[in-house]
Peer 1: 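Sharing a structure below in structure tokens format, with a few things to ask.
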There are 2 protein chains.
Amino acid sequence: MAAAVLSSPLGLIAGSGILPIEIAKSARSKGLKVVTIAHIGETDPRVAEMSEDCLWLKVGQLKRTLKFLKQSQVKQVAFAGAIAKAKLFRNFRPDLKALAILARLAHSGDDAVLRGVTEEIEKAGFEVIGMSELLRESTPSEGLLTLRDFTPQELQDAALGWRAAKALGSLDIGQTVIVRKGVIVAVEALEGTDAAIRRAGEIAGEPPSNSAWLGKVGGALNAWTSATSVMVKLAKPQQDLRIDQPTIGENTIELMHGSGISALLIEAGKTLILHVEQVVALADKYGIAIRAAVDMQNPI
Amino acid sequence: MAAAVLSSPLGLIAGSGILPIEIAKSARSKGLKVVTIAHIGETDPRVAEMSEDCLWLKVGQLKRTLKFLKQSQVKQVAFAGAIAKAKLFRNFRPDLKALAILARLAHSGDDAVLRGVTEEIEKAGFEVIGMSELLRESTPSEGLLTLRDFTPQELQDAALGWRAAKALGSLDIGQTVIVRKGVIVAVEALEGTDAAIRRAGEIAGEPPSNSAWLGKVGGALNAWTSATSVMVKLAKPQQDLRIDQPTIGENTIELMHGSGISALLIEAGKTLILHVEQVVALADKYGIAIRAAVDMQNPI
């Protein structure tokens with residue numbers, strides 16, 4: 001997509017994590033003022049310090065969101081740090097405007113809910129821009145990012161993970177799959193990527209406990225039991241990257257390392273890496289390989 | 001499949017849980033003697049009390065398994081209570097015979113590993129029979145098992161879960177999917193069904209906390225936030241039901257109840273229900289609906 005002409009103030013619809021802070025920082029470094037909708041129980045309060053104005057709401061208060069953006073003379077809106085999807089079940093206070101969307105969508109996945117909210121914001125006259133308009137330098141194109149490349153085993157596991165992640169994405173299930181030696185260890189649904197990584201670590205992350213014994217049997221067995229895991233994180237085929245982009249950060253690499261995951265395959269041009277230099281340096285320190293790929297059938 | 005003529009003694013390859021005990025009990029009630037291969041750290045020791053003879057091995061000691069079965073003059077072998085798949089990574093001591101299978105299979109899912117072991121047992125001259133030969137009465141055919149039937153919402157969620165579970169199964173990922181109001185909450189991979197149920201409960205299991213407030217907005221919102229979850233547990237398309245059959249027990253119903261899952265869809269003729277009368281009675285007590293279906297496109 002062509003780069004948007006950015007207008008000030010930027011309306012920031014802030015979810016959880018450090019993404020809203022990164023976006024606010026980046027917007028300010030480009031000379032834009034930022035007005036923020038922060039969500040109670042979700043958004044890091046520090047984002048308020050970087051905002052011209054900040055309104056705290058509960059998830060689902062769409063009418064007040066639109067009114068605030070209008071009053072602040074916002075023309076462009078960016079979503080950053082998606083609301084933890086589980087909150088849609090637990091901590092959700094849709095106003096009548098949000099309810100109308102839900103009723104229209106009837107039975108739909110969380111992607112559809114986000115698309116509905118986006119359409120409502122566009123209908124009210126705002127332009128929705130993607131985070132990558134503000135963080136373009138962190139969306140890698142095809143290729144190897146780290147010093148170490150994938151091993152043949154990791155390549156095979158990555159190919160399996162790619163096929164599985166695309167199938168899961170087309171069902172609107174999740175974006176992340178963790179594979180170890182031909183076996184799909186963990187699949188992300190509503191719990192999110194971090195929880196899936198931790199689960200993979202609990203199931204298959206420990207080094208083999210019987211390594212003394214392994215020496216006696218030799219290489220073939222060692223290849224079977226000492227394999228590490230590969231993580232594949234892709235966009236869903238129908239995903240609107242403006243409002244919900246697969247994102248990797250230093251935290252992801254730390255979690256991967258702690259869970260025995262030795263390689264990461266992301267989708268070229270679609271996955272956002274926050275602090276890409278630091279992420280790659282951290283991966284290199286741990287010997288983790290990172291690749292971005294475009295081709296579904298032949299990922300690397 | 002036609003019922004096998006059962007011969008004594010039955011060779012029981014015992015994994016974890018109560019299934020081996022149930023199979024041994026059932027075999028003895030049919031007048032068969034049972035000789036058991038029990039697995040250290042997996043198998044309930046009580047199975048030894050019901051066995052003529054019981055050899056304790058580590059997972060993967062295939063050569064000793066075959067030798068023991070031959071010495072015991074076994075002709076038919078049944079697998080019961082699959083080895084926790086995660087153990088293949090952690091606690092696995094394949095002998096050279098098992099290694100040969102692994103080397104031949106090279107990169108394959110856990111189904112393929114089980115199929116390889118089965119083939120080896122058949123090549124050694126044994127007949128592998130399914131658990132349902134011994135527990136036929138507990139494999140429901142199409143229809144409603146409980147007093148309460150699925151609500152329209154549960155029907156829709158079950159249809160989505162069926163499609164997703166079949167897609168996941170064809171990728172050899174897992175058998176179980178939990179859906180709530182059009183959103184796939186949890187997907188089972190290597191962690192097993194029980195862990196997936198618990199996760200669904202943590203994510204979306206609590207009743208809405210804002211129910212007083214809900215009253216003010218009314219029915220549409222209530223339908224959104226108060227929905228419960230539906231669980232779908234199916235066989236994988238390529239699954240060899242003789243050695244690894246989807247199984248439901250009272251424990252499953254207790255876990256579902258604790259996780260806010262109100263309906264269960266299983267695959268007719270393929271899913272084993274242990275203590276079916278008790279399971280259905282327990283489901284009725286909790287108001288849980290259970291259905292068995294055969295049709296992929298139109299599950300109910």
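In what follows, chains carry the letters A, B, and so on, assigned in the order in which the sequence lines appear, proteins first and then strands, with residues in each chain numbered from 1.
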Peer 1: To the nearest 0.5 Å, tell me how far B:Ile184 CD1 sits from A:Asp172 CG.
Peer 2: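 It is 7.5 Å, given to the nearest 0.5 Å.
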Peer 1: Quick check for you: to the nearest 0.5 Å, what is the distance between A:Leu168 atom CG and B:Ile173 atom CD1?
Peer 2: 5.0 Å
Peer 1: CD of B:Glu191 to CD of A:Glu202: how many Å apart, nearest 0.5 Å?
Peer 2: 10.0 Å
Peer 1: Of all residues at least two apart in sequence or in a different chain, which pass the side chain to side chain donor-acceptor pair (under 3.5 Å) check with B:Thr252?
Peer 2: none
Peer 1: Shortest non-hydrogen contact from B:Val185 to A:Ala189?
Peer 2: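 Result for this residue pair: O-CB, 3.2 Å.
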